[in-house]
Structures are given as C-alpha cells and as structure tokens.
Amino acid sequence: MLSNIKCLITAGCSYSQVPNRDVTWPFHLNKHLNPKEIHYLGQGAAGNGIISRKTLYAVTKALEKYKPEEILVGVMWSGFDRREIYSRKSLDCNRIEYGNNTDAYANPTKIVDLKDRNYYIINKNWDDYLTVNFMKYAYTDEDSLMVTIEHVLRVQTFLKLHNINYFMTEYDFDCLDKFPYRKELLKLDKELFFLYNQIDKSHWLPITNLYEWAKYESGFDFARPPDPHPSTDQHKAFVEKIIVPYLLDKRIISDTIV
C-alpha cells in the first residue's frame, strides 16, 4: 500500500478516542497509513462543536508544516443533542474523567489554549447544574440538529477550501437521525432541509453509521454488551473493510503488488 499521507488527523467522540478500552479505528488506520504525524482528537462525550473546532485547529496547525495533499482528515460525528458552552468563567459541570486517559474525558476541555479548559460539555443524561438548566431553558431538538449540520458544513467547507482529502461518517443513528427529525422527514422542515442538502455525501463513508455497521455487518461481537461501543475487532474490520477500500477508490492511497 502506497500513501503520500504525512499527517493523519482523526476526530470524534469516544468511538474515535485513542487510547480507550477498545483499540479504536484511528489507531488501526494509523497502522495502515504509517504517516509521519498523527493527531488523535477523539474525546469521550464530545459533541459536534468540540469535534469541529478541534478539527479546524489541528488542520490549521498542520498546514504550517505540510502540503494539503499530505494531510488526511477523518471525522466521525457524534449525537446532535450533545452540546458545549464556551466560558472564560468557571462553571459548575459534570466531571467525567475516566480510565487511563483522563485528558480525553475531562470536562471542561480545551482546544486552542492548551493551558485553560473553557469548553463545558453538556450531555442530556447528566444531572449537573449546567446541563439541567441548559436542557430546560435553552435546548430544542431542531435547534441542536441545525447546529450539528452547520458544524458539518463548516468543516466540509474549510477542508474543500484548502484542498485537503477527508472522509466523514456518523458514530450512531442519532448524529443526524433521531425522532421526530428522521432524515426522510427533514424535507418537512425547510430550514433544516436547506442546510442538510448542502452536505456533500460523496466524502462520506458508504455506511449508515459505525454502530449499526459493527452490529450487523462487521462479523464480530461487541466487547461488553449492552455497551454500544464497538470492540477492537469491530474497529479493525471497519478500517479494513470500509475505510481503506474508500481511500483506494478515491485514489487517496494506492494499492501495490507484493
């Protein structure tokens, strides 16, 4: 396998976090491509605002060292109801430090200023003061879905502007498809449908989402059912059966005769 990729940037939530309890897809992809530099941006519980901002910052820094054609970006979008608040003031929030890689789960988190943590992650399943009040007074599904679509479009536009190869996919169905805002019903909401139609799906992997592919098509089992996080075997198969063939088909990498 031949590749001119010198910098690999991967982003997402816990499904894309390295290290994690399972060996996730960015690590397996790194083994295939063997780039000079790798940025694992996956973070547990991260919403799409965190994912998009981390991606834009990492790509901006990478362009200071590499040519656009030497960079590959892979983004696995998270649930649209996961949000975040940026604040210079300390806010009371849920602490989610976990496992050996606490930095990847810490709340609040950081993006540009590596000394300060000012992005406060919000998750509807938590009961901290910040989450409860945001979900009660400032959250609607349609607004949150719109924000996610706008994050996707922002990253898409930025990468195309700089002629950077990339691929995108969804971690689970609730990234862009959650009742009552199912994909097939988005046309009933003109504001959402207008934005959704601008997503260039030619740069998306040919699957619905990683969770459903892992469950129904990978040929491997989850590590800790009913935990929906894919297992190491499922992640490895995902890279070998989906991501690498996609990169070959798009001629981002080349196959060789051994």
Side-chain angles (χ1 to χ4, degrees), residues 9-13 15-16 25 41-42 46-60 63 68-69 71-86 122-124 134-135 138-217 238 242-243 245-252:
I9 298 170
T10 63
C13 59
Y15 281 40
S16 307
W25 66 270
L41 306 181
N48 295 316
I50 296 291
I51 293 170
S52 68
R53 294 184 184 101
K54 280 192 170 187
T55 301
L56 294 183
Y57 181 67
V59 173
T60 299
L63 284 169
E69 62 270 21
I71 302 171
L72 174 64
V73 177
V75 181
M76 180 173 288
W77 297 105
S78 187
F80 74 72
D81 58 7
R82 294 177 171 181
R83 300 290 295 272
E84 68 286 322
I85 291 177
Y86 175 72
I122 290 174
N123 187 304
K124 68 175 184 179
F134 180 87
M135 298 301 294
Y139 177 89
T140 67
D141 278 339
E142 57 269 36
D143 174 70
S144 204
L145 177 55
M146 178 177 288
V147 169
T148 272
I149 296 173
E150 289 172 340
H151 284 307
V152 172
L153 293 177
R154 176 170 62 171
V155 174
Q156 170 185 291
T157 301
F158 183 85
L159 296 176
K160 287 188 173 186
L161 176 66
H162 292 285
N163 296 312
I164 293 173
N165 288 313
Y166 72 94
F167 63 87
M168 295 180 177
T169 192
E170 304 171 36
Y171 90 118
D172 207 332
F173 74 94
D174 61 336
C175 171
L176 293 170
D177 192 354
K178 180 181 177 183
F179 183 82
Y181 295 97
R182 309 309 293 261
K183 288 177 181 175
E184 64 270 19
L185 298 178
L186 280 179
K187 65 183 65 176
L188 301 179
D189 189 314
K190 294 181 179 179
E191 301 290 339
L192 291 172
F193 194 56
F194 160 71
L195 293 170
Y196 181 77
N197 271 349
Q198 296 182 56
I199 297 176
D200 183 356
K201 284 303 187 78
S202 69
H203 288 264
W204 287 55
L205 299 179
I207 62 170
T208 302
N209 57 68
L210 176 53
Y211 168 75
E212 292 181 293
W213 184 87
K215 181 176 181 179
Y216 299 113
E217 300 184 47
F238 174 57
I242 300 298
I243 298 180
Y246 171 88
L247 297 177
L248 289 169
D249 181 64
K250 295 291 183 178
R251 298 186 178 180
I252 297 171

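Note that this is a predicted model, so its numbers are computed, not measured.
Note on residues 191-201: pairs passing salt bridge (Lys or Arg N to Asp or Glu O under 4.0 Å), not counting sequence neighbours, are K160-D200.
T55 and A11 make their closest contact through OG1-CB, 3.3 Å (heavy atoms, listed as atom of the first residue, atom of the second, distance). Taking both residues in full, the closest heavy atoms of V155 and S52 are given as CG2-CB, 3.6 Å, listed atom of the first, atom of the second, then distance. Between G12 and A46 the shortest heavy-atom distance is O-CB, 4.1 Å. Summarising the geometry of S202 relative to Y246, their closest heavy-atom pair is O-OH, 3.5 Å, with the distance given to 0.1 Å.
Among residues two or more places apart in sequence or in another chain, the ring pair (Phe, Tyr, Trp, His ring centres under 6.0 Å) test is passed with F158 by H162. The side chain to side chain donor-acceptor pair (under 3.5 Å) test applied to E212 returns N209, not counting sequence neighbours.
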Begin with the C-alpha distance, continue with both residues' side-chain angles, and end with the deciding distance and a verdict on salt bridge (charged side-chain N to carboxylate O under 4.0 Å, His left out) for D143 and R83.
-> CA-CA 11 Å; D143 174 70; R83 300 290 295 272; 3.6 Å; yes

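Applying the side-chain contact (heavy atoms from CB on, under 4.5 Å) test between Y166 and each of I71, L159, V59, I9 identifies L159 as the sole match. Remark: of the listed residues I242, L205, I252, N165, I252 is the sole one forming a side-chain contact (heavy atoms from CB on, under 4.5 Å) with L247.
Side chain of S144 to main chain of F80: a donor-acceptor pair is present (N/O by atom type, distance under 3.5 Å, no hydrogens or angles). In this structure, the side chain of E150 does not engage the main chain of L195 through any donor-acceptor pair within 3.5 Å. Judged by distance alone, with hydrogens and angles left aside, the side-chain atoms of N48 form a donor-acceptor pair with the main-chain N or O of S78 at under 3.5 Å.
In this structure, the separation between CD1 on I122 and CD1 on I85 is 3.5 Å, given to the nearest 0.5 Å. Between M76 atom CE and F167 atom CZ the span is 7.5 Å, to the nearest 0.5 Å. Interatomic distance, D81 CG to K124 NZ, rounded to the nearest 0.5 Å: 4.5 Å. Residue L188 holds its CG atom at 10.5 Å from OH of Y181, rounded to the nearest 0.5 Å.
Classification of K183 and E170 as a salt-bridged pair holds, one side-chain N sitting under 4.0 Å from a carboxylate O. Using a cut-off of 4.0 Å between Lys/Arg side-chain N and Asp/Glu carboxylate O, K215 and D172 are scored as not salt-bridged.
Atom OH of Y86 has more than 12 heavy atoms from other residues, nucleotides or ligands within 6.0 Å.
There is a side-chain donor-acceptor pair under 3.5 Å between S16 and W25.
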